[in-house]
Amino acid sequence: MIPAAYAVLNLDAVAHNLAVVRRCAPEAKIMAVIKANGYGHGLLRIAEVLASADAFAVARVDEGIRLRKAGITKRIAVLEGFTCLEEFEALLAYHLDAVVHSAVQVDILEQRKEQGVCAIWLKLDTGMNRLGFKAKEFDAIYQRLTQCSIIKQPINLMTHLANADDLKDDTTHTQIKRFKETLATMTLALQTGSECSIANSAGILAWHEALSDWVRPGVMLYGISPFLDRTGEQLGLKPIMELHSRLIAVKSLDVGDKVGYSGTWVCEKPTLLGVVAIGYGDGYPRYAKAGTPILVNGQRVPLIGRVSMDMITVDLATQPLAKPGDTVTLWGEGLPVEEIALAADTIPYTLVCGVTQRVQIVEKSDLR
Ligand SMILES: *Cc1c(COP(=O)(O)O)cnc(C)c1O
């Protein structure tokens with residue numbers, strides 16, 4: 001039986017997208033970002049198809065532990081590092097690289113006597129003002145960390161770009177400049193073998209100066225564009241996820257009939273209404289506006305009325321032969337997830353990350 005709501009993953013496309021990263025950054029090593037359950041595609045499944053990446057990055061220690069428990073031996077960086085001693089012990093036990101961004105972490109590291117067992121990425125805050133040390137404190141922190149016995153020297157250095165998806169915004173240029181200047185003016189010269197990392201997907205695709213020893217692609221690996229004004233396909237990427245459901249009812253409504261909760265949609269003409277078995281309980285965005293395109297049997301029809309937990313409603317005026325059981329695509333071939341994100345005032349990241357447990361995941365290779 002075909003499930004009501006299901007996502008089809010074309011995992012073959014991951015290798016293609018990884019090759020695009022390599023083409024954009026031929027000299028860099030690739031730290032594939034697979035946090036948040038591989039951007040909603042499945043942590044272990046994505047790790048498996050990214051076996052040729054040089055390292056993985058996750059946000060949290062427990063995500064790294066899941067990878068280790070599944071037998072993954074590749075280098076794994078934890079982008080949020082650790083917050084307390086207990087978490088640090090777990091990170092050490094599972095041989096995860098720590099991003100070091102706060103004084104609390106430095107204090108924990110300094111108290112340890114082990115020799116060279118913890119690889120770190122020291123983070124400079126170049127303007128995002130989220131994680132990382134400010135330029136003025138960076139020099140002193142760096143000196144302290146070079147003296148820490150537990151740290152595996154050399155120390156690696158990183159920063160994160162806040163606005164790289166906006167090609168007209170000068171912030172990225174300023175951030176990269178600040179990163180390079182801070183490193184160049186430190187009291188201690190950088191240790192030999194010390195490596196740097198700046199670029200996320202947008203940095204890799206649009207900011208050549210952001211390329212350095214390591215790049216950290218996330219969203220582009222899943223075939224999705226980091227830019228609002230173009231799709232992954234327009235960038236030569238291949239999307240991985242398609243989201244599907246089916247029609248479960250078709251009915252005729254009269255002028256003046258109201259559709260869905262709060263009756264926000266009022267029929268101005270006799271309307272052939274389709275009810276689709278997917279809603280925000282599956283991760284379809286609650287704020288998708290009336291008119292958001294949806295494919296019924298491969299043809300575009302508009303969303304009407306409110307998105308509810310288990311269902312949405314569409315206007316079938318152009319699909320008079322549609323019937324219960326017919327295939328519906330919420331995003332996928334012919335309907336980029338980027339377009340749905342725009343219609344729902346969000347970004348495609350939230351859509352793929354937000355697909356819920358109820359949605360059955362099917363790998364395309366199993367359908368052949
Ligand atoms: C999530 C994340 C990335 C990947 O970002 P994309 O926009 O998905 O490429 C890279 N670096 C850090 C620090 C991140 O948090």
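Numbers for residues simply follow the sequence, beginning at 1.
Shortest non-hydrogen contact noted between Phe227 and Ala206 is CZ-CB, 3.7 Å. Between Met220 and Val20, the shortest heavy-atom contact is CE-CG1, 4.0 Å. Smallest separation of non-hydrogen atoms from Cys118 and Leu92: CB-CD2, 3.8 Å.
Annotation: the span from Asp213 atom CG to Met31 atom CE amounts to 11.0 Å, rounded to 0.5 Å. Interatomic distance, OG of Ser52 versus NZ of Lys74, reported as 7.0 Å (0.5 Å rounding). Between the CD1 atom in Ile65 and the CG atom in Leu96 there is a gap of 6.5 Å [rounded to 0.5 Å]. Once rounded to the nearest 0.5 Å, the distance linking CG of Leu272 with OG of Ser252 reads 5.0 Å. Rounding to the nearest 0.5 angstrom, the gap separating the SG atom in Cys148 from the CG atom in Leu109 is 5.5 Å. One finds the CE atom of Met128 at 4.5 Å from the NE2 atom of His160 (value rounded to the nearest 0.5 Å).
Remark: side-chain polar atoms of Arg246 are not paired, donor with acceptor, to backbone N or O of Gly325 under 3.5 angstrom. His16 contributes a side-chain N or O that, together with a main-chain N or O of Gly236, makes up a donor-acceptor pair within less than 3.5 Å. When atom types are taken as modelled, the side chain of Thr231 and the backbone of Gln234 share a donor-acceptor pair closer than 3.5 angstrom. In terms of modelled atom types and a separation under 3.5 Å, the side chain of Asp169 and the main chain of Asp166 share no donor-acceptor contact. No donor-acceptor distance shorter than 3.5 angstrom exists from the side chain of Arg22 to the backbone of Leu18, with no hydrogens or angles considered. Looking only at distances, a side-chain donor or acceptor of Ser197 sits under 3.5 Å from a matching main-chain atom of Trp214. The backbone N or O of Ala135 sits nowhere less than 3.5 Å from a side-chain atom of Arg178 that would complete a donor-acceptor pair. Proximity of a side-chain donor or acceptor of Arg68 to a complementary backbone N or O of Ile72 within less than 3.5 Å is detected. At least one donor-acceptor pair closer than 3.5 Å links the side chain of Gln105 to the backbone N or O of Val99. No side-chain donor-acceptor contact under 3.5 Å links Ser194 to the backbone of Pro154.
Checked against a 6.0 Å centroid threshold, the rings of Phe133 and His101 do not count as neighbours.
Judged purely by distance below 3.5 Å, without hydrogens or angles, the side chains of Thr172 and Asn163 never pair a donor atom with an acceptor atom. Under the 3.5 Å distance criterion, with hydrogens and angles disregarded, no donor-acceptor pair is assigned to the side chains of Gln175 and His173.
Residues Lys180 and Glu209 are not paired through a salt bridge, judged by the lack of any N-O separation under 4.0 Å between the basic side chain and the carboxylate. Note on Asp107 versus Arg144: salt bridge recorded, some NZ/NE/NH1/NH2 to OD/OE distance being below 4.0 Å. A salt bridge is defined here as a Lys NZ or Arg NE, NH1 or NH2 lying under 4.0 Å from an Asp or Glu carboxylate O, and Glu195 with Lys29 meets this definition. With salt bridges taken as basic N to acidic carboxylate O contacts below 4.0 Å, none links Lys238 and Asp12. Between Lys269 and Asp315 there is a salt bridge, with a side-chain nitrogen of the basic residue lying less than 4.0 Å from a carboxylate oxygen of the acidic one. Salt-bridge check for Arg112 with Glu89: passed, with a basic side-chain N closer than 4.0 Å to an acidic carboxylate O. Between Asp54 and Arg75 there is no salt bridge, since no side-chain nitrogen of the basic residue lies less than 4.0 Å from a carboxylate oxygen of the acidic one. Between Asp310 and Arg358 there is a salt bridge, since a side-chain N of the basic residue sits under 4.0 Å from a carboxylate O of the acidic one.
A parallel orientation is assigned to the rings of Tyr39 and Tyr222, their planes being inclined by less than 30° (bins at 30° and 60°).
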Test log, rule side-chain contact (heavy atoms from CB on, under 4.5 Å), inputs Leu221 and Ile46: CA-CA 10 Å; Leu221 292 173; Ile46 291 296; over 6 Å; no
Please test Val328 against Ile294 for side-chain contact (heavy atoms from CB on, under 4.5 Å), starting from the C-alpha separation and ending with a verdict. CA-CA 7 Å; Val328 175; Ile294 289 170; 3.5 Å; yes
Kindly determine whether Asn156 and Lys123 satisfy side-chain hydrogen bond (donor to acceptor under 3.5 Å, both in side chains), including the steps that lead there. CA-CA 9 Å; Asn156 304 300; Lys123 188 164 189 177; over 6 Å; no
side-chain hydrogen bond (donor to acceptor under 3.5 Å, both in side chains), that's the test. Do Asp139 and Thr187 meet it? Break it down for me. CA-CA 7 Å; Asp139 192 19; Thr187 311; 2.5 Å; yes
As a quick check of understanding, evaluate side-chain hydrogen bond (donor to acceptor under 3.5 Å, both in side chains) for Thr126 and Thr159, giving each step before the final call. CA-CA 7 Å; Thr126 50; Thr159 192; 2.8 Å; yes
Yes or no on salt bridge (Lys or Arg N to Asp or Glu O under 4.0 Å) for Glu339 and Arg300, after CA distance, side-chain angles and deciding distance? CA-CA 13 Å; Glu339 190 177 340; Arg300 285 185 178 223; 2.7 Å; yes
Working for side-chain contact (heavy atoms from CB on, under 4.5 Å), residues Leu367 and Val8: CA-CA 9 Å; Leu367 295 177; Val8 177; 3.9 Å; yes
Run the numbers on Leu145 and Val106 for side-chain contact (heavy atoms from CB on, under 4.5 Å), then give the verdict. CA-CA 7 Å; Leu145 292 173; Val106 177; 4.0 Å; yes
Test salt bridge (Lys or Arg N to Asp or Glu O under 4.0 Å) on Arg230 and Glu338; report intermediate values, then the result. CA-CA 8 Å; Arg230 65 200 79 177; Glu338 289 89 345; over 6 Å; no
Using distance only, find each side-chain donor-acceptor pair of residues 259-268 under 3.5 Å and give its atom names and separation, not counting sequence neighbours.
residue : atom : partner : partner atom : Å
Ser262  : OG   : Arg306  : NH1          : 2.8

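At a threshold of 4.5 Å between non-hydrogen side-chain atoms, the residues Thr356 and Tyr280 do not count as touching. No side-chain heavy atom of Lys113 sits under 4.5 Å from any side-chain heavy atom of Ile150.
Taking hydrophobic clusters as Ile, Leu, Val, Met, Phe, Trp and Tyr residues chained together by side-chain heavy-atom distances below 4.5 Å, Leu190 shares a cluster with Leu124. With hydrophobic clusters built from ILVMFWY side chains whose heavy atoms lie under 4.5 angstrom apart, Val250 does not share a cluster with Leu321. Note on Tyr287: it does not cluster hydrophobically with Tyr284, by side-chain heavy-atom contacts below 4.5 Å among ILVMFWY residues. Tracing side-chain contacts under 4.5 Å through hydrophobic residues (I, L, V, M, F, W, Y), one reaches Ile108 starting from Val61; they form part of the same cluster. A continuous path of hydrophobic side-chain contacts links Tyr349 to Val355 [ILVMFWY only; heavy atoms under 4.5 Å].
Taking the salt bridge (charged side-chain N to carboxylate O under 4.0 Å, His left out) definition, one finds that Lys136 meets it with nothing, sequence neighbours left out.
When Val21, Ile30, Ile198 are each tested for a side chain to side chain contact (heavy atoms under 4.5 Å, CB included) with Ile204, only one passes: Val21. Leu316 pairs in a side chain to side chain contact (heavy atoms under 4.5 Å, CB included) with only one of the listed residues (Thr271, Val296, Leu273), which is Val296.
The environment of Lys289 atom NZ is dense: over 12 non-hydrogen atoms of other residues, nucleotides or ligands sit within 6.0 angstrom.
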